[in-house]
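So the structure is just underneath, and the comments pick up after that.
These numbers come from a predicted model, not from an experiment.
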Amino acid sequence: MTPATPTAAAPIRQHLPSSSARCGNPRPSARLRLPARPRAAPSASMSAEARPAPSPVPPPAHPTYDLSAVIALALSEDAGDRGDVSCLATIPTDVKAEATFIAKEDGVIAGISLAEMIFNQVDPSLKVEWFEADGNYVRKGLQFGKVYGCAQSIIVAERVVLNFMQRMSGIATMTKVIGAIAMADAARPACILETRKTAPGLRLVDKWAVLIGGGKNHRLGLFDMVMIKDNHISVAGGITNAMTSVDQFLEKENLAIPVEVETRTLEEVRDLLKYTDENKTSLTRIMLDNMVVPLPNGDLDVSMLKDAVQLINGRFETEASGNVTIDTVKKIGETGVTYISSGALTHSVKALDISLKIDTELALQVGRRTNRA
């Protein structure tokens with residue numbers, strides 16, 4: 001990842017809903033004003049960089065997933081049956097405010113498009129502008145967006161927006177890092193995939209973040225790919241029986257969808273290839289699972305994985321799975337596999353620290369004091 005060289009900038013994209021303000025028509029004096037503080041010269045870490053806005057990354061297409069309902073559930077989880085009692089008690093309904101997004105660590109930003117959806121769902125009159133776009137690299141202390149409008153609405157939306165953006169940015173950052181390492185010095189750069197090891201209810205959001213980070217999506221669920229895993233093979237009585245049943249099922253149902261088979265040994269790879277040589281098959285990809293062996297000295301034995309790739313010899317896509325980390329992915333990528341899948345992208349992601357502050361200068365002072373700005 002190449003860090004940005006921050007300079008003062010104009011916003012690159014603006015979302016300006018035209019609906020009337022939920023706050024009503026506030027008096028001119030109703031705008032929230034903060035005590036003036038001496039302004040320091042802007043530092044590199046506090047400014048955004050001007051750059052052309054890339055095309056937004058759309059979420060993965062899913063036949064039943066309702067993103068608006070997921071947002072509504074997150075907002076309802078916060079509001080309960082009373083709403084934001086802190087806002088109701090302290091902030092008049094006609095007060096307006098401006099709040100700034102601040103990155104509190106380096107990483108890849110993700111969730112900007114989703115944040116706009118959340119703000120719009122809370123209050124269509126809120127105005128949001130961004131100095132960065134989904135997929136851009138941000139530095140600690142960078143102010144990368146602003147939201148204007150009803151103070152109550154901003155604060156109600158704040159934590160839900162940040163929870164989504166922090167998780168998505170963590171996933172996008174890890175995807176970008178692992179992808180960059182995997183491609184280094186590889187003869188045929190492998191593409192990074194996630195798995196179904198996602199937060200329950202947030203699968204589409206997690207997989208959207210992978211796309212923003214430069215990866216590709218594995219199957220979305222149980223419906224869009226036939227994936228013959230170890231348990232299917234065990235119940236079917238072997239990899240040949242399982243593959244035979246799949247080909248018969250797809251022909252009977254007149255279905256044309258991708259088919260992947262998990263293999264755990266070179267013997268299973270050979271059996272599968274023998275079947276495909278002798279039969280018309282719908283197989284598209286072979287997973288090479290746990291063929292990466294950590295050694296006691298900290299090194300990695302990828303000889304089995306390399307042998308499997310050579311056996312397959314480009315006849316089918318290949319996917320390496322198991323023991324994929326920042327430390328191992330480069331060596332895995334050098335074997336020539338088509339894809340590298342990692343459950344760690346989503347099941348144990350570290351969120352990227354982001355804040356949304358009305359008093360930006362005080363927030364930056366506190367951030368510098370704690371080394372988070």
Of all the heavy-atom pairs spanning [X] and [Y], show the shortest one and how long it is.
{"X": "Leu311", "Y": "Leu266", "answer": "CD1-CD2, 4.2 Å"}
{"X": "Tyr275", "Y": "Met243", "answer": "CE2-CG, 3.3 Å"}
{"X": "Thr90", "Y": "Pro92", "answer": "O-CD, 3.8 Å"}
{"X": "Ile118", "Y": "Phe164", "answer": "CD1-CD1, 3.5 Å"}
{"X": "Val138", "Y": "Ala103", "answer": "CG2-CB, 3.9 Å"}
{"X": "Thr335", "Y": "Val309", "answer": "O-CG1, 3.6 Å"}

Are side-chain N/O atoms of [X] and [Y] paired as donor and acceptor at under 3.5 Å?
{"X": "Gln143", "Y": "Thr100", "result": "no"}
{"X": "Ser125", "Y": "Asp123", "result": "yes"}
{"X": "Gln152", "Y": "Asp84", "result": "no"}
{"X": "Asp301", "Y": "Ser303", "result": "yes"}
{"X": "Glu132", "Y": "Tyr137", "result": "no"}

Heavy atoms from other residues, nucleotides or ligands near [atom1] of [X] exceed 12 (cutoff 6.0 Å):
{"X": "Glu267", "atom1": "CD", "result": "no"}
{"X": "Met291", "atom1": "CE", "result": "yes"}
{"X": "Glu77", "atom1": "CD", "result": "no"}
{"X": "Asn297", "atom1": "CG", "result": "yes"}

Taking [Y] as the starting point, is it possible to reach [X] by hopping between hydrophobic residues whose side chains are less than 4.5 Å apart?
{"X": "Leu220", "Y": "Leu345", "answer": "no"}
{"X": "Leu305", "Y": "Ile326", "answer": "yes"}
{"X": "Val246", "Y": "Met287", "answer": "no"}
{"X": "Val302", "Y": "Tyr339", "answer": "no"}
{"X": "Met227", "Y": "Val261", "answer": "no"}

Can a cation-pi geometry be assigned to Arg203 and Tyr65, taking NZ or CZ under 6.0 Å from the six-membered ring centre and within 45° of the ring axis?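 Here Arg203 fails the 6.0 Å and 45° test against Tyr65.
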So do [Y] and [X] actually touch side chain to side chain, heavy atoms under 4.5 Å?
{"X": "Ile154", "Y": "Leu356", "result": "yes"}
{"X": "Leu202", "Y": "Val70", "result": "yes"}
{"X": "Lys330", "Y": "Glu334", "result": "yes"}
{"X": "Gln166", "Y": "Asp353", "result": "yes"}
{"X": "Arg315", "Y": "Asp277", "result": "yes"}
{"X": "Leu67", "Y": "Val205", "result": "yes"}
{"X": "Met304", "Y": "Val293", "result": "no"}
{"X": "Asp134", "Y": "Ser113", "result": "yes"}

Please round to the nearest 0.5 Å and tell me the distance separating atom [atom1] of [X] and atom [atom2] of [Y].
{"X": "Ile112", "Y": "Phe131", "atom1": "CD1", "atom2": "CZ", "answer": "11.0 Å"}
{"X": "Ile192", "Y": "His218", "atom1": "CD1", "atom2": "NE2", "answer": "12.0 Å"}
{"X": "Thr195", "Y": "His347", "atom1": "OG1", "atom2": "NE2", "answer": "6.5 Å"}
{"X": "Asn217", "Y": "Met225", "atom1": "CG", "atom2": "CE", "answer": "11.0 Å"}
{"X": "Thr284", "Y": "Ile286", "atom1": "OG1", "atom2": "CD1", "answer": "9.5 Å"}
{"X": "Glu158", "Y": "Cys87", "atom1": "CD", "atom2": "SG", "answer": "9.0 Å"}

Hey, is Lys229 close enough to Asp289 for a salt bridge, meaning N to O under 4.0 Å?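 Looking at Lys229 and Asp289, the cut-off is not met.
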Looking at Glu105 and Lys350, is there a salt bridge between them, counting it only when a charged N and a carboxylate O are closer than 4.0 Å?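 A salt bridge is present here (some side-chain N lies under 4.0 Å from a carboxylate O).
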Check the pair Glu194 / Thr346 against side-chain hydrogen bond (donor to acceptor under 3.5 Å, both in side chains), numbers first and verdict last. CA-CA 7 Å; Glu194 81 298 282; Thr346 53; over 6 Å; no
Are the side chain of [X] and the backbone of [Y] linked by a donor-acceptor contact shorter than 3.5 Å?
{"X": "Asn323", "Y": "Val292", "value": "yes"}
{"X": "Lys104", "Y": "Ser355", "value": "no"}
{"X": "Asp224", "Y": "Arg219", "value": "no"}
{"X": "Ser169", "Y": "Ile109", "value": "no"}
{"X": "Asp271", "Y": "Thr240", "value": "no"}
{"X": "Thr173", "Y": "Val108", "value": "yes"}
{"X": "Trp208", "Y": "Gly111", "value": "no"}

Which residue in the set Lys176, Lys140, Arg139 passes salt bridge (charged side-chain N to carboxylate O under 4.0 Å, His left out) when paired with Asp106?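 So the option named by the test is Arg139.
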If the condition is salt bridge (Lys or Arg N to Asp or Glu O under 4.0 Å), which residues does Asp247 pass it with, not counting sequence neighbours?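 Here no residue qualifies.
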Thr276: partners by side chain to side chain donor-acceptor pair (under 3.5 Å), with sequence neighbours left out: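 With sequence neighbours excluded, Thr276 shows a side chain to side chain donor-acceptor pair (under 3.5 Å) to no residue whatsoever.
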Assess the residue pair Glu319 and Arg285 against the criterion (salt bridge (Lys or Arg N to Asp or Glu O under 4.0 Å)); give the C-alpha distance rounded to whole Å, side-chain angles, the decisive distance to 0.1 Å, and a yes or no. CA-CA 7 Å; Glu319 177 186 331; Arg285 187 185 305 170; 3.3 Å; yes
Taking side chain to side chain contact (heavy atoms under 4.5 Å, CB included) as the criterion, tell me which of Leu193, Thr198, Ile171 meets it with Val210.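 The residue from Leu193, Thr198, Ile171 that satisfies side chain to side chain contact (heavy atoms under 4.5 Å, CB included) with Val210 turns out to be Ile171.
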Could you go through the side chain to side chain contact (heavy atoms under 4.5 Å, CB included) check for Met174 and Val349 one step at a time? CA-CA 8 Å; Met174 183 59 70; Val349 61; 5.5 Å; no
Residues forming a ring-ring contact (aromatic ring centres under 6.0 Å, His included) with Phe101, sequence neighbours excluded: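 Trp130, Phe144.
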Quick one: do Leu272 and Leu283 satisfy side chain to side chain contact (heavy atoms under 4.5 Å, CB included)? Show the steps, please. CA-CA 10 Å; Leu272 183 59; Leu283 180 66; 3.9 Å; yes
Between Thr328 and Thr325, is the side chain to side chain contact (heavy atoms under 4.5 Å, CB included) condition met? List the steps. CA-CA 5 Å; Thr328 64; Thr325 68; 3.3 Å; yes
